[in-house]
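Here, residue 1 is the first one in the sequence, and each next residue gets the next number.
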Amino acid sequence: MENVSQLKEFLATPKNIIITTHYKPDADALGSSLGWAGYLKKLGHNVKVISPSDYPKFLHWLPGNEEVLIYNQKNTAEVEQAVKNADLICYLDFSCYPRLEEIAPIFQSVNGSAKTLLVDHHINPSIQPTFSFHNVKAAATAQLIYELISELGDKDKIDVPIGEALYAGILTDTGSFKHPTTTRRVHEIAGELIDIGVNTTKVHNLIYDSNSEQRLRFLGYVLSQKLKVLHEYRTAYITVTADELKQFHSQTGDTEGVVNYALSIEGIVLAAIMIDRGENIKLSFRSVGDFSVNDLAAQYFNGGGHKNAAGGTCYLSLQETEKKFLEIIKQKKEELLKVKT
Ligand code: 5GP
Ligand code: MN
């Protein structure tokens, strides 16, 4: 970051600081937010983390979770007031306003006094902040927070709670240190976090080994009944109806990661899941190699993300969304067949 010394100067006196992240935050969104919040509190700032929505139960253990202000229609005034009083607004793990969903207008209408900080690794940022720490090559926003705190000269302020929150983000956004974004530096940071006392086994168990019975049965059902494999397009996908979500008492987070099972089939280079959320269809995409699901999500489904992991929204019916997806992969057949794995 070019203006890290200006940010340091700005943080030298106590400020009212808001941290927010994307709708339905995942472990990186929330982990980076809570890690950054923990650090800023140590500097003596008044910090509030605002989430635009609820998030999965397997993230409730994150240090600082109990203080997160989760937006719902009843606390709009509280969110508005907090934003109005802020000296600094931090946007973590997203970089375009629509990802804040309903609370986007509150943040977009901020004018004048509040400074803004963006820390993110998604493609095509559109928010223009006062301080920017954006790098599409970073494995996780939590990695960027670790680097930012280090560049601010405060690595020694990263304690176990901050470290656990950051480790959670790095662990999940790298797919457990599997994705090509997992550089030597990422492993070094993980090593440094272990050095300060982060219990990596504990973090892994809290995130990945805390399935509810319902979630596992739901997973079994969609993999056995709803997975479609089109080898001729090297594509596999899953559709989930609103009734199925109800039948399995689906909770926030229960569908997270399901799309990865479709991608794990040998020879498959593109995977998708389409979920009928009632008001719209939410899509998640995964790919391998050079096939960009960021481009696919941005071009056809009002979304984006990363080259190999992206999401979007569709306002057609589930059936029509599936049809649209099938037309797209027909068009992209040549490209899909060429992907090197
Ligand atoms: P997931 O499929 O796990 O929900 O998301 C994969 C990646 O794409 C994540 O980095 C997530 O932040 C991003 N993403 C998911 N949905 C959207 C969306 O609707 N718009 C944009 N711009 N990014 C998304
Ligand atoms: Mn992330």
Counting the benzene-type ring for Trp, do Phe301 and Phe285 have ring centres under 6.0 Å apart?
yes
Do NZ/NE/NH1/NH2 and the carboxylate oxygens of Glu188 and Arg184 come within less than 4.0 Å?
yes
Examine Ile19 and Tyr23 and state if one hydrophobic cluster contains both, with Ile, Leu, Val, Met, Phe, Trp and Tyr joined whenever side-chain heavy atoms are less than 4.5 Å apart.
no
Using the rule side-chain contact (heavy atoms from CB on, under 4.5 Å), only one of Thr20, Ile50, Ile18 pairs with Val79; which is it?
Ile50
salt_bridge(Glu232, Lys333) N-O dist < 4.0 Å
no
Quick one: do Asn205 and Thr201 satisfy side chain to side chain contact (heavy atoms under 4.5 Å, CB included)? Show the steps, please.
CA-CA 6 Å; Asn205 288 347; Thr201 307; 3.9 Å; yes
Nearest 0.5 Å, what's the CD1-CD1 distance between Ile275 and Ile238?
9.0 Å
Validate the cation-pi geometry between Lys226 and Tyr237: distance from NZ or CZ to the six-membered ring centre under 6.0 Å, angle to the ring axis within 45°.
no
With Thr141, the side-chain contact (heavy atoms from CB on, under 4.5 Å) member among Ile170, Asp93, Thr21:
Asp93
What one should report as the nearest heavy-atom pair of Gly311 and Ala297 is O-CB, 3.4 Å
For the pair Tyr315 and Glu279, evaluate side-chain hydrogen bond (donor to acceptor under 3.5 Å, both in side chains) and give the outcome as yes or no after the intermediate values.
CA-CA 8 Å; Tyr315 298 92; Glu279 64 271 33; over 6 Å; no
Ring centroid separation His249 to Phe218 under 6.0 Å
no
Rounded to the nearest 0.5 Å, what's the gap from CD on Gln143 to NZ on Lys137? Could you check?
12.0 Å
Correct closest heavy-atom pair for Leu34 and Val68 would be CD2-CG2, 3.9 Å
Exercise: do Asp120 and Tyr91 side chains pair donor with acceptor under 3.5 Å:
no
Under a 4.0 Å threshold between the charged nitrogen and the carboxylate oxygen, would Asp290 count as salt-bridged to Lys307?
yes
Between Ser51 and Ile70, is there a donor-acceptor pair closer than 3.5 Å when you use the side chain of the first and the backbone of the second?
no
CD1 of Ile281 to OG1 of Thr239: how many Å apart, nearest 0.5 Å?
9.5 Å
Thr174 and Thr182 side chains, donor-acceptor separation under 3.5 Å:
no
Please check: side-chain N/O of His45 versus main-chain N/O of Leu11, any donor-acceptor pairing under 3.5 Å?
yes
Asn308 and Ser287: CA distance, side-chain angles, deciding distance, side-chain hydrogen bond (donor to acceptor under 3.5 Å, both in side chains) verdict:
CA-CA 5 Å; Asn308 297 130; Ser287 66; 3.0 Å; yes
In this structure, would Leu62 and Ile196 fall into the same cluster of hydrophobic residues linked by side-chain contacts under 4.5 Å?
yes
Quick check: are there more than 12 heavy atoms from other residues, nucleotides or ligands sitting under 6.0 Å from CD of Glu213?
no
Between Lys48 and Glu67, is there a salt bridge with N-O shorter than 4.0 Å?
no
Checking side-chain contact (heavy atoms from CB on, under 4.5 Å) between Phe291 and each of Thr235, Val269, Leu296, which is the one that passes?
Leu296
Can you give me the closest heavy-atom contact between Gly304 and Ala310, atom names plus distance?
O-CB, 3.1 Å
Quick check: are there more than 12 heavy atoms from other residues, nucleotides or ligands sitting under 6.0 Å from CD of Glu9?
no
Which atom of Gln299 lies closest to which atom of Lys332, heavy atoms considered
OE1-NZ, 4.3 Å
Tell me whether Arg185 at atom CZ has more than 12 heavy atoms from other residues, nucleotides or ligands lying less than 6.0 Å away.
yes
Quick one: do the Asn16 and Asn85 side chains pair a donor with an acceptor below 3.5 Å?
no
Considering only NZ, NE, NH1 and NH2 on the basic side and carboxylate oxygens on the acidic side, decide whether Glu256 and Arg215 come within less than 4.0 Å.
no
Is it the case that atom OH in Tyr300 sees more than 12 heavy atoms from other parts of the structure closer than 6.0 Å?
yes
With no hydrogens and no angle check, do the side chains of Thr13 and Lys15 hold a donor and an acceptor under 3.5 Å apart?
yes
Got a donor-acceptor contact below 3.5 angstrom from the Asn75 side chain to the Glu78 backbone?
no
Cluster overlap Leu230 with Leu318, hydrophobic side-chain contacts below 4.5 Å:
yes
If you take the centroid of each ring, where Trp contributes its six-membered ring, are His121 and His306 closer together than 6.0 Å?
yes
State, without any angle test, whether Ser150 and Glu147 hold a side-chain donor-acceptor pair at a distance under 3.5 Å.
no
Under the side-chain hydrogen bond (donor to acceptor under 3.5 Å, both in side chains) rule, what do Thr255 and Arg277 come out as? Steps first, then yes or no, please.
CA-CA 11 Å; Thr255 54; Arg277 294 277 177 207; 3.1 Å; yes
Kindly indicate, with the supporting measurements, whether the criterion side-chain hydrogen bond (donor to acceptor under 3.5 Å, both in side chains) is fulfilled by Tyr71 and Glu101.
CA-CA 11 Å; Tyr71 165 76; Glu101 299 276 334; over 6 Å; no
All heavy atoms of Ala236 vs all of Ile265, minimum pair found to be CB-CD1, 4.1 Å
Looking at Gln319, I'd like to know if its CD atom is crowded, meaning that more than 12 non-hydrogen atoms belonging to other residues, nucleotides or ligands lie closer than 6.0 Å.
no
Membership question, hydrophobic clusters at under 4.5 Å side-chain separation (ILVMFWY): are Tyr55 and Tyr208 in the same one?
yes
We want to know whether Glu192 and Tyr146 form a side-chain donor-acceptor pair, criterion being a heavy-atom distance below 3.5 angstrom.
yes
Ignoring hydrogens, what is the shortest heavy-atom contact between Leu263 and Ala271? Give both atom names and the distance.
N-CB, 3.6 Å
Looking at Val203, Ile189, Val198, Ile145, which hits side-chain contact (heavy atoms from CB on, under 4.5 Å) with Leu166?
Ile145
In terms of hydrophobic clustering (I, L, V, M, F, W, Y; side-chain heavy atoms under 4.5 Å; direct or indirect links), are Val83 and Tyr97 co-clustered?
yes
With a 4.0 Å cut-off on N to O distance, would you call Lys24 and Asp54 a salt bridge?
yes
Less than 6.0 angstrom separating the ring centers of His187 and Phe177, yes or no?
yes
Salt bridge flag under 4.0 Å for residues Lys8 and Glu151
no
Short question: side chain of Thr130, backbone of Thr116 - any donor-acceptor pair under 3.5 Å?
yes
Between Asn260 and Arg286: side-chain donor-acceptor atoms closer than 3.5 Å:
yes
Here the gap from Leu117 atom CG to His134 atom NE2, rounded to the nearest 0.5 Å, amounts to 12.0 Å
Here the gap from Asn72 atom CG to Glu102 atom CD, rounded to the nearest 0.5 Å, amounts to 10.0 Å
For the side chain of Asp154 and the backbone of Lys157, is there at least one donor-acceptor N/O pair under 3.5 Å apart?
no
Nearest-0.5 Å distance that lies between atom NZ in Lys42 and atom CD1 in Ile149
9.5 Å
Could you check whether atom CD of Glu334 has more than 12 heavy atoms from other residues, nucleotides or ligands sitting under 6.0 Å from it?
no
